[in-house]
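Just so we're on the same page: letters track the sequence lines, and every chain starts at 1.
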There are 4 protein chains.
Amino acid sequence: MQQDRSRARQQRILDAALRVFSRKGYRDASVDEIAGESGTSKGGVYFHFPSKDVIYLQLLDRTVARLQDKIEEAMAEHDDPIAKADAALLAVLRTFDKHATLARFFMVEALGAGRQFQRRMAETRAEFAAIIREHLDAAVDQGIIDPLDTEVAAQAWFGALYEVITGWVLVRKPERLEETYAALRPLLMRSVGAEEIRLSTLIKS
Amino acid sequence: MQQDRSRARQQRILDAALRVFSRKGYRDASVDEIAGESGTSKGGVYFHFPSKDVIYLQLLDRTVARLQDKIEEAMAEHDDPIAKADAALLAVLRTFDKHATLARFFMVEALGAGRQFQRRMAETRAEFAAIIREHLDAAVDQGIIDPLDTEVAAQAWFGALYEVITGWVLVRKPERLEETYAALRPLLMRSVGAEEIRLSTLIKS
Amino acid sequence: MQQDRSRARQQRILDAALRVFSRKGYRDASVDEIAGESGTSKGGVYFHFPSKDVIYLQLLDRTVARLQDKIEEAMAEHDDPIAKADAALLAVLRTFDKHATLARFFMVEALGAGRQFQRRMAETRAEFAAIIREHLDAAVDQGIIDPLDTEVAAQAWFGALYEVITGWVLVRKPERLEETYAALRPLLMRSVGAEEIRLSTLIKS
Amino acid sequence: MQQDRSRARQQRILDAALRVFSRKGYRDASVDEIAGESGTSKGGVYFHFPSKDVIYLQLLDRTVARLQDKIEEAMAEHDDPIAKADAALLAVLRTFDKHATLARFFMVEALGAGRQFQRRMAETRAEFAAIIREHLDAAVDQGIIDPLDTEVAAQAWFGALYEVITGWVLVRKPERLEETYAALRPLLMRSVGAEEIRLSTLIKS
DNA sequence: GATGAATGAGACTTCATTCAT
DNA sequence: CATGAATGAAGTCTCATTCAT
């Protein structure tokens, strides 16, 4: 159908926009460049999207949705709540490891892109933290870990992960992002007083 | 003398720039607005600073220097390396608690301000992480904590702190940033396997 | 088609720019004024030309090309090399006589327009002198005139012409530029030791 | 006296201005740069001169006066009117040969510097041409050369000289400007129908 | 007399957005 | 649907000139 073609075009524009925003940041990326990179014209872009803001916002949405899918998928394979949270982090890490463009866009450029996006970014961060928190809470409920301020713990986990990824994006060290996780994981586990879980149970997937 | 007046004016411009950048971010802040906010004219700003970039960079420098001063000061009151690192974090938290403008500028806007600043930001992050790491290393050496990957641990501490502050900047919850530290601290300590140190020894200052 | 419209608009911008540069010189002419004079907006000008420099340069090119066309055309009607050179000078004079704007642009403003154009202007002068020289050389070869330093002679002819035109542009005397040629021509001819050629053979066209 | 100091300061500013204008042209030279080059401050420059225009104009005047002095001096050594005119040209050539900065300022930058200077430049050119003309007229009166349009002849001589000098300024070829005169001189002489004068009588000085 | 801080008009250029073709 | 020409607001930066110190 025509609708398919339209959808495909939109996808191509979003893909191009991701690359351009990732390279230049929101303000320094021009609609012209996005149009060029997507093989369309400026008019074409404006046919599919009402404004540059909206492209950015949709990209943010798409990124969040993809990450959440990955996370849910990864968590589904575990029952233990700590293992679930742990798997979630690893899933995020792996996704960014494969898509450095996405990582730069989401980790580095998004927060300072402009006031108009900050509410959304705050929400997004909260959502991710909420996922972690949910399972930490469950762990507390099930007596796996001692009670603690799970809100702050979730924030701390998220922040630690964020920092490791950002550092990787900016400096590209270590080569593979996943390597760091071997060192990060025990820190996180100990921080909430969780017993070590055999990594093997996590990395099977 | 004239030199004093000049210095004072430069300070006023930097102060104004901090507020404007904090409100709008680098790109959305105009030199005109900085000039207005500092009670000068556009030409006046350009008399004291060669470009908008340089203002931003000097602001970054100034912020880093101030934070490092606070940190050194705080650390000087402790001998135990863990307590030193711990005190450093608290000092940072308190500084931002008092200067929300500075927090927003440094935590939210700076990273995504543009490619031209990212190398500097990466360095800055590395510097702060290095301070933490140094004392974690000392703690390992003195047998206070078990050996661990202190580089990643430092990054994780920094990231956790960063996230807590950023969350506070964006949502302004909790009211006082320092409150969170009561919950954050044990997490960090446990994460490196450190025994609890009585908070009282820290908060005396 | 659209391409035609685009071309036409470019021409209109160049025409307007010629007038404005001729009136004010390169530096004192503003892009705004060129835009206004061409019935476009500033953005419109920048859609068709990447910078003010480029407009100026294209104008220079266009002027040179037009003059060279006139010259070739005029020379084609003569066989005698001296007559050819002579006809070339007359063609240049007549062109400027009809287009005082062009004359002012090319003779008065161009040289001092800025360092970035001086190499081009030097080349241009050399090209015109080369045309004259070529035919003086031919005249020497054919024994029409005695051997002489044709490079300097060509430069001198060009300079004499240039000065006469510049004087006319600045003072607008005599009314018609071509009139001066009656007095200038014998000087030039004698300077290279050429016999007088009947003017009638030249002015038929 | 103080007046001497003031005069000296003015001279230093004018000298500096000559260099800067020669390098950059009128518009691209800044008062700041002139101040710097003259070892003064911007305020200092404005104490001695009311505006940038006036500096330029005084420089023009000074240059003209110096050239005229050289010319008068050179002409005083000859009685024959043709020899006088001839000596004048050579004097100009030699002056510029020694002061390339002056040459660039006066030959290349001055004409296109801006509308405000063009009347003055036109006058100046006319003055120089008038000197030449005067002696050509005398030569006609004394029966040394046949009657001719001395106004145009003077213009042509001036133009030929101008072009040779300008070419030298732009391309710096030949190494020494004076060399060219050996080739240029006979052309000029023949152009007015003058017999060759032994160069030896000219170059003694 | 001299300095350099300050002003403000104006320059070039960019770019999101609109719209005729 | 798509193109690319056009607009106009806004932004960074320059600089001649003025003036308090």
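- Counting heavy atoms of neighbouring residues, nucleotides and ligands inside a 6.0 Å radius, atom CZ of Arg115(C) exceeds 12 of them.
- For the pair Glu109(C) and Gln118(D), the minimum side-chain heavy-atom distance is below 4.5 Å.
- Between Gly44(A) and Gly39(C), the one whose closest nucleotide on DNA chain F sits nearer the 5' end is Gly44(A).
- Residues in residues 41-59 of chain B take part in these salt bridge (Lys or Arg N to Asp or Glu O under 4.0 Å) pairs, two or more places apart or across chains: Asp32(B)-Lys42(B).
- Phosphate proximity of dG1(E) to His48(D): absent, as no side-chain N or O sits under 4.0 Å from OP1 or OP2.
- In this structure, of dG4(F), dA2(E), dT7(E), it is dG4(F) that holds the atom nearest to the side chain of Phe47(C).
- A sub-4.0 Å separation between OP1 or OP2 of dA6(E) and a side-chain N or O of Arg9(B) is present.
- For DNA chain E, the stems formed by at least three consecutive Watson-Crick or G-U pairs, with both atom-pair distances below 3.5 Å, span E:2-21 with F:2-21.
- Annotation: the span from Arg62(C) atom CZ to Ile55(C) atom CD1 amounts to 11.5 Å, rounded to 0.5 Å.
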Would you mind building the protein contact string for nucleotides 14-21 of chain E? One character per nucleotide, 5' to 3', B for base within reach (heavy atoms under 4.0 Å), S for sugar-phosphate only, - for untouched.
B-BBB---

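- Atom CZ of Phe47(B) is separated from atom OG1 of Thr40(B) by 12.0 Å, given to the nearest 0.5 angstrom.
- Computed from coordinates, the Arg12(D) CZ to dG1(E) C1' distance equals 14 Å when rounded to whole Å.
- Looking only at side-chain heavy atoms (C-beta outward), Arg23(C) and Glu37(C) come within less than 4.5 Å of each other.
- Regarding Arg7(B), its CZ atom lies at a distance of 15 Å from the P atom of dG4(E), rounded to whole Å.
- Remark: Gln58(B) CD to Ile13(B) CD1 distance equals 10.5 Å, nearest 0.5 Å.
- By the 30° and 60° cut-offs, the orientation of the rings of Tyr56(A) relative to Tyr26(A) is perpendicular.
- Counting to the nearest Å, the P atom of dC13(F) and the CD1 atom of Ile34(B) are 11 Å from each other.
- Across the protein-nucleic acid pair, Glu33(C) atom CD and dC12(E) atom P stand 10 Å apart, rounded to whole Å.
- Counting to the nearest Å, the P atom of dC12(E) and the CZ atom of Phe49(C) are 15 Å from each other.
- The two residues Leu59(A) and Leu14(A) have their closest heavy-atom pair at CD1-O, 3.5 Å.
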